[in-house]
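Scroll down for the structure; my scribbles are underneath it.
Since the model is a prediction, treat every value here as computed from it, not as a measurement.
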Amino acid sequence: MKTLNIGVIGAGGISDVHFHAYAKNEQANIYAISDLNELRAKEKADKYGAQKVYTDYHELLADPVVDAVSVCTWNNLHAPIVIDALHAGKNVLVEKPLCTTLEDAYKIQEAVKKTGKILQVGFVRRFGENTQLLKKFIDNGDFGEIYYAKASCIRRLGNPGGWFADKERSGGGPLIDIGVHVIDLCWYLMGRPKVKSVSGNTYNQLGNRANVKHLSFYKAADYDSEKNTVEDMANAVIRFENGASLMVDVSFTLHAKKDEITAKIYGDKGGAEIEPELFIVSEKHDTILNISPQVDNATFDFEIGFQNEINAFVDSCLNGTPVISPVEDGVEIMKILTGIYESSEKGCEIQFTPVAAN
Ligand SMILES: NC(=O)c1ccc[n+]([C@@H]2O[C@H](COP(=O)([O-])OP(=O)(O)OC[C@H]3O[C@@H](n4cnc5c(N)ncnc54)[C@H](O)[C@@H]3O)[C@@H](O)[C@H]2O)c1
């Protein structure tokens, strides 16, 4: 049986989920870990049986035993690490977002082209069982032409602090951190249409609300609430070249009654909700049908989603199976995210040049 030797760069919160999934994949061998924080890397190495620990990721990339890497660092380091990794001959699974600027996204795309290595973007929700199930219905034409989608990811108290709240290292707040998941989910299910224009607003009205007591939330490995230079909420309308549109709103903090995640798509033959739980709406014999698919998990299962994501990456690396979330998709999503920030800053809609048909 072929084996893939894995290096993980960045040993903070999300790395555990990668390690856990690699450990459960018989063809993956967790071999090396790199983190600036040596103790943290050593603890993970002990826990998951990695042989090598590096504080400088360049040394991990220079290790010829490493075949493939997961990049799980702060967002602003994704681009340099991914580009170095590709040029070092490694296949790469990079956590979302692909990077923090459109310029860097194109540089990564160029590096993928030049090196011919595999790059998978960590759009984990694509790998959810319900997403793949719904995609089958979509691909069979059950919803007709999908012309509208709506995505929302509202945290009333959920600024993870640390680097997440530092725009220089994160590239932004809830939009680039959690909005990316629901935007990508809808966009993927809409058939990945080319973005035509973006109009967005970001707000920083509430700050991080670190004063609030009695409610717990996700925190960066090096949590601190001192610095906060990211937006606390964003909304946007995205128009696509095929005439479809997507509406989004996301927040780290908002005076909302509860946290909420929704992703809905609407076509001319039917509609569907993928979040908060799988649901289908259709019409037959002049009758509207509300259909509740009978599945084990009606909503996104984090562990299964990550396992599928890691399994798909290992399979692409070892057997060349097509990448479900390739670099081109990462670039298009970066267009949307950076377009929303630019639109908000300039107070106007941002247009993208149409892609010439070839
Ligand atoms: N897919 C998801 O659902 C999901 C959830 C959480 C985070 N993420 C993504 O995962 C990434 C990491 O997030 P996190 O929550 O684990 O953050 P974290 O702060 O818990 O961990 C980040 C780690 O990266 C390390 N690091 C920073 N610079 C480094 C370098 N040059 N070399 C090696 N290590 C370095 C830090 O020391 C830290 O241990 C981010 O890109 C984030 O967007 C994805």
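At least one cation-pi condition fails for K194 and F240: the charged atom is not both under 6.0 angstrom from the six-membered ring centre and inside a 45 degree cone around its axis. For the pair K219 and F217, the cation-pi criterion (under 6.0 Å, within 45° of the ring axis) is fulfilled.
Here the two rings, on F306 and H20, have centers that are 6.0 Å apart or farther.
Cluster partners of I304, using a side-chain heavy-atom cutoff of under 4.5 Å among ILVMFWY residues and allowing indirect links: none.
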Applying side-chain hydrogen bond (donor to acceptor under 3.5 Å, both in side chains) to N208 and S225, what does each step give before you reach the verdict?
CA-CA 7 Å; N208 58 15; S225 61; 4.8 Å; no
Evaluate I183 against L175 for side chain to side chain contact (heavy atoms under 4.5 Å, CB included), listing each step before the verdict.
CA-CA 9 Å; I183 291 172; L175 177 65; 3.9 Å; yes
Give the intermediate values and the outcome of salt bridge (charged side-chain N to carboxylate O under 4.0 Å, His left out) for residues E168 and K227.
CA-CA 11 Å; E168 262 182 42; K227 188 169 188 179; 5.4 Å; no
Determine, step by step, whether F127 and N311 satisfy the side chain to side chain contact (heavy atoms under 4.5 Å, CB included) criterion, reporting the C-alpha distance in whole Å, the side-chain angles of both residues, the deciding distance to 0.1 Å, and the verdict.
CA-CA 10 Å; F127 297 87; N311 289 350; over 6 Å; no
Please report the C-alpha distance between I274 and L185 in whole Å, then the side-chain angles of each, then the deciding distance to 0.1 Å, and finally whether the side chain to side chain contact (heavy atoms under 4.5 Å, CB included) criterion is met.
CA-CA 9 Å; I274 183 85; L185 181 58; 3.6 Å; yes
Output, in order, the C-alpha distance, side-chain angles, deciding distance and verdict of side-chain hydrogen bond (donor to acceptor under 3.5 Å, both in side chains) for Y22 and S70.
CA-CA 10 Å; Y22 281 125; S70 268; 2.8 Å; yes
For E309 and Q307, run side-chain hydrogen bond (donor to acceptor under 3.5 Å, both in side chains): C-alpha distance rounded to whole Å, both residues' side-chain angles, the deciding distance at 0.1 Å, then the answer.
CA-CA 5 Å; E309 176 184 89; Q307 191 66 56; over 6 Å; no
List the steps, then state whether side-chain hydrogen bond (donor to acceptor under 3.5 Å, both in side chains) holds for N235 with N201.
CA-CA 5 Å; N235 60 42; N201 303 283; 2.9 Å; yes
Does K96 form a side chain to side chain contact (heavy atoms under 4.5 Å, CB included) with V124? I'd like the steps, not just the answer.
CA-CA 8 Å; K96 44 52 60 174; V124 68; over 6 Å; no
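The closest side-chain donor-acceptor pair between D84 and Y57 falls under 3.5 angstrom.
Counting heavy-atom neighbours within 6.0 Å of Y218 OH, excluding the residue itself, gives a total above 12. More than 12 heavy atoms of other shown residues, nucleotides or ligands fall within 6.0 angstrom of atom CD in E283.
No side-chain heavy atom of N130 sits under 4.5 Å from any side-chain heavy atom of F300. D166 has its side chain within reach of T229: a pair of non-hydrogen atoms, C-beta onward, lies under 4.5 Å apart. Contact of the F123 side chain with the I333 side chain is registered, since non-hydrogen atoms from C-beta on lie closer than 4.5 Å. Side chains of I238 and W187 form no contact here, defined as non-hydrogen atoms less than 4.5 Å apart. Contact annotation: the side chain of L318 approaches that of Q27 to within less than 4.5 Å [non-hydrogen atoms, C-beta and beyond].
V69 pairs with exactly one of L93, L60, V82 by the side chain to side chain contact (heavy atoms under 4.5 Å, CB included) rule, that one being L60. Under the side chain to side chain contact (heavy atoms under 4.5 Å, CB included) test applied with F143, the options V281, L189, I280, D268 reduce to a single match, I280. A side chain to side chain contact (heavy atoms under 4.5 Å, CB included) with R169 is found for exactly one of T100, L77, N76, namely N76.
A donor-acceptor distance shorter than 3.5 angstrom exists from the side chain of E231 to the backbone of G173, with no hydrogens or angles considered. T287 contributes a side-chain N or O that, together with a main-chain N or O of H285, makes up a donor-acceptor pair within less than 3.5 Å. Formation of a donor-acceptor pair under 3.5 Å by the S344 side chain with backbone atoms of I340 is not found in this model. At least one donor-acceptor pair closer than 3.5 Å links the side chain of R126 to the backbone N or O of I324. Panel note: side chain D249, backbone S152; no donor-acceptor pair is recorded below 3.5 Å. Although no hydrogens or angles enter the test, the distance criterion places a donor-acceptor pair under 3.5 Å between the side chain of D35 and the main chain of A11. A donor-acceptor contact shorter than 3.5 Å is absent between the side chain of N159 and the backbone of D232. Of the possible donor and acceptor atoms, one in the side chain of D63 sits under 3.5 Å from a partner among the backbone N and O of V65. Without hydrogens or angle criteria, N75 side chain to S170 main chain gives a donor-acceptor distance under 3.5 Å. Here the side chain of H78 pairs no donor or acceptor atom with the backbone of V94 at under 3.5 angstrom.
For the atom pair CG of L215 and CZ of R209, the computed distance is 9.0 Å after rounding to the nearest 0.5 Å. Atom CG of N91 sits about 5.5 Å away from atom CZ of F313, to the nearest 0.5 Å. Atom CG of D329 and atom CZ of R192 lie 4.0 Å apart (nearest 0.5 Å). Taken to the nearest 0.5 Å, the NZ atom of K269 stands 10.0 Å off from the OG atom of S282. Distance CG/L119 to CD/E328: 9.0 Å, rounded to 0.5 Å. The CD1 atom of I30 lies 11.0 Å from the NZ atom of K44; values are rounded to the nearest 0.5 Å.
Between E349 and K196 there is no salt bridge, since none of the side-chain N atoms of the basic residue sits less than 4.0 Å from a carboxylate O of the acidic one. Contact check on K136 versus D139 returns no salt bridge, with no Lys/Arg side-chain nitrogen under 4.0 Å from an Asp/Glu carboxylate oxygen. D222 and R40 are joined by a salt bridge, as a carboxylate oxygen and a charged side-chain nitrogen come within less than 4.0 angstrom of each other. Under the 4.0 Å criterion applied to side-chain N and carboxylate O atoms, K47 and E43 are not assigned as salt-bridge partners. The residues R125 and E275 are annotated as salt-bridged, a charged nitrogen and a carboxylate oxygen being separated by less than 4.0 angstrom. With respect to R155 and E260, no salt bridge is recorded, no charged nitrogen being found less than 4.0 Å from a carboxylate O. Using a 4.0 Å cut-off between charged nitrogen and carboxylate oxygen, E110 and K114 do not count as a salt-bridge pair.
Applying the ring pair (Phe, Tyr, Trp, His ring centres under 6.0 Å) rule to pairs touching residues 246-279 yields Y148-Y266, sequence neighbours excluded.
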